[in-house]
Structure formats: C-alpha cells, structure tokens
Amino acid sequence: MLNRLERLTQRVGGSNELVDQWLHARKELLVSYCTLVGLKPNKEKHTPLNEKALDNFCHNLVDYLSAGHFHLYQRVIDEVEGANSPIKLQAAKIYPALELNTEAIMAFHDSYTENDIDDDNAFAFHYALSDVGEALDARFQLEDQLIILAFDRSNHEEKPPANEEHLARPA
C-alpha cells in the first residue's frame with residue numbers, strides 16, 4: 001500500500017494542494033496501521049498489544065474517514081467541470097462502494113475501541129485487524145480512482161478535432 005501511495009504521489013502530487021494533503025493523511029494512517037500490526041523487521045512474532053498504537057491508529061482512522069466523507073470527496077468532484085461530465089458520472093459510481101467500505105471499517109473501530117483486548121479475544125482482534133488492512137487497501141484503490149479522474153491531467157486531454165461532429169467533412 002505504501003508503494004502504491006508513493007507511485008500515486010509521484011503521478012499527481014503537486015497538482016493540487018487538496019490532493020497533497022489527502023495523500024499525506026493517507027500516509028500517516030498507513031504508518032499508524034503498520035506500527036499497530038508490528039510490520040518491522042526482526043520483530044518477535046508475538047508481541048503484546050501496544051495500546052498507544054491502537055489509540056493512534058483509531059484516531060487517524062476516524063480523522064481520515066471523516067475528512068473523506070465530509071470534506072474531500074465532494075471537493076474532488078467539484079474540481080471536475082460540468083455537472084453531467086463523464087468524469088463526474090464515473091466518480092459518482094465510486095461513492096456507494098466507499099460508503100460500504102466506511103461502514104465495514106467503522107464496525108472494527110466501534111468494536112475495538114469500546115472493548116478491552118485480552119487473551120480471550122486477541123486472536124479475533126488480529127483477524128479483524130487483517131480485515132481492516134484489506135478494507136483500507138480496497139478503499140485506497142477506490143480513492144485513487146477518484147484522484148486520477150479529477151487530477152491526472154492525462155485524463156483530461158482533448159480529443160482531436162477530427163472526432164468532433166460539427167466539423168464539415170469532405171465529400
């Protein structure tokens with residue numbers, strides 16, 4: 001996920017301040033996820049849960065999801081010209097999948113911020129954490145589609161005049 005984020009940042013980074021902030025927030029979320037799951041070289045296989053890392057991840061998670069739904073997605077779409085543009089219509093098809101994804105991720109958040117994690121539910125927690133990683137990956141792919149639709153200038157190239165119907169054609 002971090003490698004894909006880096007490639008996307010190279011592709012569209014600097015084209016829009018909003019996108020740059022969004023990608024930075026995603027990186028912070030990914031770093032907090034990796035810290036929580038313990039993705040570090042030479043780390044013991046079974047380590048105790050880092051409560052601070054869980055709190056940090058949950059905080060970043062809620063901030064990231066909230067910013068997307070209540071701020072970023074609409075602003076990204078507003079950047080695309082024309083209410084009936086094909087790009088805007090494509091983007092509108094992505095929203096339902098993002099909403100379902102948010103519900104799944106928030107179910108994890110609600111379950112594990114309200115209950116203590118102990119030996120009895122540690123296995124279920126790690127399994128759920130893996131599921132959240134997969135859900136985040138799916139979410140990032142959807143968001144990448146939105147970002148590319150709105151801000152990748154290669155998507156906005158004009159068609160050559162020969163494809164325009166109003167031009168006179170030789171007999």
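Remark: side-chain polar atoms of Tyr33 are paired, donor with acceptor, to backbone N or O of Leu129 under 3.5 angstrom. Side chain of Asn101 to main chain of Ala138: no donor-acceptor pair is present (N/O by atom type, distance under 3.5 Å, no hydrogens or angles). For Ser66 (side chain) and Asp63 (main-chain N/O), no donor-acceptor pair under 3.5 Å exists by modelled atom type.
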Candidate pair Phe140 and Ile147, rule side-chain contact (heavy atoms from CB on, under 4.5 Å), full reasoning: CA-CA 10 Å; Phe140 298 154; Ile147 291 169; over 6 Å; no
Test log, rule side-chain contact (heavy atoms from CB on, under 4.5 Å), inputs Arg139 and Thr102: CA-CA 8 Å; Arg139 173 180 213 82; Thr102 299; 3.0 Å; yes
side-chain contact (heavy atoms from CB on, under 4.5 Å) between Trp22 and Glu143, worked out: CA-CA 10 Å; Trp22 191 0; Glu143 291 175 345; 3.7 Å; yes
Criterion side-chain contact (heavy atoms from CB on, under 4.5 Å) on Asp144 and Arg26, from CA distance to verdict: CA-CA 11 Å; Asp144 291 354; Arg26 183 187 296 182; 2.7 Å; yes
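Side-chain atoms of Ser32 and Asn56 include no donor-acceptor pair closer than 3.5 Å.
The distance from the CG atom of Asn60 to the NZ atom of Lys27 is 13.5 Å, given to the nearest 0.5 Å. Between atom OH of residue Tyr64 and atom CG of residue Leu72 there is a gap of 8.0 Å, rounded to the nearest 0.5 Å. For the atom pair CG (Leu36) and CZ (Phe125), the distance works out to 5.0 Å, reported to the nearest 0.5 Å. Here Lys93 contributes atom NZ and Leu98 contributes atom CG; the two are 15.0 Å apart, rounded to the nearest 0.5 Å. Here CG of Asp137 is found 9.0 Å from CG of Leu30. Values are rounded to the nearest 0.5 Å. To the nearest 0.5 Å, atoms NE2 (His59) and NE2 (His109) are separated by 10.0 Å.
The cluster map of Ile, Leu, Val, Met, Phe, Trp and Tyr, joined by side-chain heavy atoms under 4.5 Å apart, puts Leu23 and Val31 in different clusters. Linking ILVMFWY side-chain heavy atoms closer than 4.5 Å, directly or via other members, places Leu61 and Tyr127 in two distinct hydrophobic clusters. In the hydrophobic clustering of this structure, Met106 groups with Phe57; members are Ile, Leu, Val, Met, Phe, Trp, Tyr whose side-chain heavy atoms approach within less than 4.5 Å, directly or through other members. Note: the hydrophobic cluster containing Leu100 does not contain Ile94 (ILVMFWY, side chain heavy atoms under 4.5 Å, direct or indirect links).
Shown here for Leu149 and Ala91, the closest heavy-atom pair between the two residues is CD1-N, 3.8 Å. Heavy atoms only, all atoms of each residue included: Leu136 and Met1 are closest at C-SD, 4.3 Å. For the pair Ala128 and Phe108, the tightest heavy-atom approach, listed with the atom from each and the gap, is CB-CD1, 3.8 Å.
In this structure, Glu17 places its CD atom where only 12 or fewer heavy-atom neighbours from other residues, nucleotides or ligands lie under 6.0 Å away.
Two residues are said to be in side-chain contact when any heavy atoms from C-beta on lie closer than 4.5 Å; Arg4 and Gln141 meet this criterion.
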